[in-house]
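Have a look at the structure below before the remarks.
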Amino acid sequence: MRRIRYLTLTIGCCLLLLMAEGQKHDYVWLMGYNSHLGDTLGFHFGNTIFDFNSSTMEMRRDSLRMNFDFTNTSYCDSSGNLLFYTNGIYVANSLDETIENGDSLNAGWLQYKWDTTIRKYGYRDAQGVLAFQDGRNNSYFLLHSFVDSNVNKAPFGARLLLTYLDMDENVGHGKVINKNQTILKDSIGTALSATKHGNGRDWWILVQKQLSNCYYRILIDSSGPHVLPDLTCGAATVPLFDAAAACFSPDGSKYVYLNVKGGISLFDFDRCSGTLSNAKYMPLRVLVDSGWYGVGVAFSPNNRFLYASVSVHLYQFDLSAPNVFASIDTVGVWDGYAAPFGSIFKQPQIAPDGKIYINCGNTETVYHVINNPDAKGDSCNFAQHSIALPTFAGNSIPNFPNYRLGRKVGSECDTLWNDLTPDPSPKERVIKVFPSPATDVVTIDYGFTDWSKQGDVAMEIINELGQSVLQQQLPKYSGFQRLNVTSYPSGIYITYIKRNNQIIATSKFAKQ
């Protein structure tokens, strides 16, 4: 077994080499809890798994030992194979084994004194954990929010912690090398969101400083995570002890923060400097809206629309409008459905299939979904409680950044790449197009794409006569595109994926 070099590392000298490309790291979602109870009184306990590795999302029931409350993330390799997952209490590998030394995450007063059931059911910070890779080897790290109390009173966000794991240890079963290392201590928010630096390798994370309108900037670069000394500020003051949600747009150009006691703050974000600008604020008080506390935010895959789930309302904002907040459109109002406690709207998350899934924040057996989030108004096709889950899993949803975002080409911080060097292997691979033969819809899987390379990625479909029947740009949020071929004449069609008009992958399918 090779020497464990991480034992001597400090927060300031981690020598991380982050992956320059993100691919299918978010292709498997795990939710649910009470898996040890089985079926009781007609209710289905256990875990629900969303798997995006097929032409459509595959949903199945499983019986993992891990229970997920609000804190939730998982991580797959570049091919979409599950590697590990966590509920903020411990880390497990794909065999459902607790990784060596992977227990006792976020250990403290909250789970050992205030409410001991947290150790059983999972940590309770929505958006409370994010996972990233150390690109030099099969090592990873978690950034996770730690909630505590210094006087045994009400819990509050107190620290941001760092945990390292090496999946090559224990013959591939994994080992946590260091855990619960403090990188930031203050009265801070717990809603974590990240976006790629403009150089396409590093990461930015913003953390809310409570009782101020400022945000800590955390840069994760090749030497590790660094809390920068100067905060970036703007918009409204973040209240103390507040439930909140935060999100970057898929292209990293926008950042939004929504809190229960105040409203919604929207910013432009500079991926080079990590600073906020052009702050906008709108009061959107949840307690006026309803007695519920569900909040969440997500951007549409095309970066045009912002969605805010506020308990019993789902709002859409058009970022292309002259006055963004004046464009507010109520695209969903809770219809009172309960399965069984109340299927309200909480945390949205973009999926690899381009849809936005929304959990309920309650112990429910349903999810909501925005089927066409790139469309304006009711055309977004928001469907309440339309995803029937096989278990009680509606309270939790994984927290992911956009792993597929590449560098900001042409910016002052785009300094790590040499575009004059020719690609030694321009054809990356044969893409999967299925089903074949097709009758109505085919799915094109382009999740392998390296988004760190310069240039837009496009898809072109050619018929048997060599005529182009479709040309379109491919968005970076997704690994799939579904194409309606109902009107296509029967025959053989060739699919090309191109970068800068150069073919990087190809396949063909038959239309009946």
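A heavy-atom distance below 4.5 Å is not found between the side chains of Y85 and S94. Looking only at side-chain heavy atoms (C-beta outward), I370 and P348 stay at 4.5 Å or farther from each other. A 4.5 Å side-chain heavy-atom check between R404 and H25 finds every atom pair outside the cut-off. I49 has its side chain out of reach of L82: every pair of non-hydrogen atoms, C-beta onward, lies at least 4.5 Å apart. The shortest distance between side-chain heavy atoms of C76 and N81 does not fall below 4.5 Å. For the pair L30 and N47, the minimum side-chain heavy-atom distance is 4.5 Å or more. Looking at P398 and D26, their side chains never come closer than 4.5 Å, going by heavy atoms from C-beta outward. Looking at heavy atoms from C-beta onward, T163 lies out of side-chain contact with T86 at the 4.5 angstrom threshold.
In this structure, the separation between CG on D414 and CZ on R407 is 4.0 Å, given to the nearest 0.5 Å. Separation of atoms CZ (R271) and OG1 (T195) is listed at 5.5 Å; rounding is to 0.5 Å. For the atom pair D166 CG and E100 CD, the distance stands at 11.0 Å (nearest 0.5 Å). Interatomic distance, CD1 of I177 versus NZ of K175, reported as 5.5 Å (0.5 Å rounding). Taking NZ from K346 and CG from N359, the interatomic distance works out to 6.0 Å, rounded to the nearest 0.5 Å. Rounded to the nearest 0.5 Å, atoms CG (N395) and CD (Q347) are 11.0 Å apart.
Of the charged side-chain nitrogens involved, at least one lies within less than 4.0 Å of a carboxylate oxygen, so that D268 and K254 count as a salt-bridged pair.
Among residues two or more places apart in sequence or in another chain, the side chain to side chain contact (heavy atoms under 4.5 Å, CB included) test is passed with D251 by S249, S253, N303. Remark: N87 pairs with M66, F68, I89, Y90 by the side chain to side chain contact (heavy atoms under 4.5 Å, CB included) rule, at least two apart or across chains. Remark: R119 pairs with no residue by the salt bridge (Lys or Arg N to Asp or Glu O under 4.0 Å) rule, at least two apart or across chains. Every side chain to side chain contact (heavy atoms under 4.5 Å, CB included) that T232 has, sequence neighbours left out, goes to L206, Y215, R217, T275, L276.
Without hydrogens or angle criteria, Q111 side chain to S104 main chain gives no donor-acceptor distance under 3.5 Å. Of the possible polar contacts, none joining the H226 side chain to the I218 backbone as a donor-acceptor pair under 3.5 Å is found. R61 places a side-chain N or O within 3.5 Å of a backbone atom of F45 that can act as its donor or acceptor partner. Looking only at distances, a side-chain donor or acceptor of N93 sits under 3.5 Å from a matching main-chain atom of H173. N106 places a side-chain N or O within donor-acceptor distance of the main-chain N or O of G88, the cut-off being under 3.5 Å. Between the side chain of D51 and the main chain of E58, no donor-acceptor pair closer than 3.5 Å is present. In this structure a side-chain-to-backbone donor-acceptor pair under 3.5 Å is missing from N138 to G172. Remark: side-chain polar atoms of Q127 are not paired, donor with acceptor, to backbone N or O of S193 under 3.5 angstrom. Under the 3.5 Å distance criterion, the side-chain polar atoms of N399 are left unmatched by any main-chain donor or acceptor of T71. No donor-acceptor pair under 3.5 Å is formed between the side chain of T365 and the backbone N or O of L389.
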### Message
Is there a side-chain contact (heavy atoms from CB on, under 4.5 Å) between Q210 and V238? Walk through the geometry before answering.
### Response
CA-CA 5 Å; Q210 296 182 336; V238 175; 4.1 Å; yes

### Message
Checking L130 against T73 for the side-chain contact (heavy atoms from CB on, under 4.5 Å) test, could you report, in this order, the C-alpha distance in whole Å, the side-chain angles of both residues, the deciding distance, and whether it holds?
### Response
CA-CA 7 Å; L130 288 168; T73 199; 5.7 Å; no

### Task
Report the C-alpha separation of K24 and N53 in whole Å, then their side-chain angles, then the decisive distance to 0.1 Å, and conclude whether the side chain to side chain donor-acceptor pair (under 3.5 Å) test is met.
CA-CA 9 Å; K24 298 187 177 183; N53 282 291; 4.7 Å; no

### Task
Begin with the C-alpha distance, continue with both residues' side-chain angles, and end with the deciding distance and a verdict on side-chain contact (heavy atoms from CB on, under 4.5 Å) for Y123 and V147.
CA-CA 9 Å; Y123 220 57; V147 177; 3.9 Å; yes

### Task
Let me see the working for L266 and L319 under side-chain contact (heavy atoms from CB on, under 4.5 Å), right down to the final yes or no.
CA-CA 10 Å; L266 177 66; L319 302 182; 3.8 Å; yes

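Applying the disulfide bond (SG atoms under 2.5 Å apart) test to every pair with at least one member in residues 172-224, sequence neighbours left out, gives these pairs: C214-C233. The disulfide bond (SG atoms under 2.5 Å apart) analysis of residues 77-115, with sequence neighbours excluded, yields no pairs.
Aromatic ring centres of Y403 and Y75 lie closer together than 6.0 Å.
Residues T117 and R124 have side chains that bring a donor and an acceptor to within less than 3.5 angstrom of each other. Between Y27 and D353, the side chains place no donor N or O within less than 3.5 Å of an acceptor N or O (distance only, hydrogens not considered). Looking at Y33 and T363, their side chains do bring a donor and an acceptor atom within 3.5 Å of each other. Side-chain contact of Y216 with D186: a donor-acceptor pair under 3.5 Å is present, judged by distance alone. Side-chain atoms of D125 and S145 include no donor-acceptor pair closer than 3.5 Å.
Of all heavy-atom pairs spanning P301 and P373, the tightest one is CD-CG, 3.6 Å. The shortest heavy-atom contact between A279 and A235 is CB-N, 3.4 Å. Of all the heavy atoms in G342 and C360, the pair that sits closest is O-CB, 4.4 Å. Smallest separation of non-hydrogen atoms from Y367 and G394: CE1-CA, 3.8 Å. For the residue pair E364 and S343, the shortest heavy atom distance occurs at OE1-OG, 2.5 Å. Closest of all the heavy-atom pairs between I183 and V227 is O-CG2, 3.1 Å.
Ring-plane geometry between F50 and F52 is classed as perpendicular, the angle between the planes exceeding 60 degrees on a 0 to 90 degree scale with a lower cut at 30.
H368 pairs in a ring-ring contact (aromatic ring centres under 6.0 Å, His included) with only one of the listed residues (Y307, F345, Y357), which is F345. The ring-ring contact (aromatic ring centres under 6.0 Å, His included) test with Y255 singles out one residue from F299, F248, F269, W204, and that residue is F248. F132 pairs with exactly one of W203, Y164, Y140 by the ring-ring contact (aromatic ring centres under 6.0 Å, His included) rule, that one being W203.
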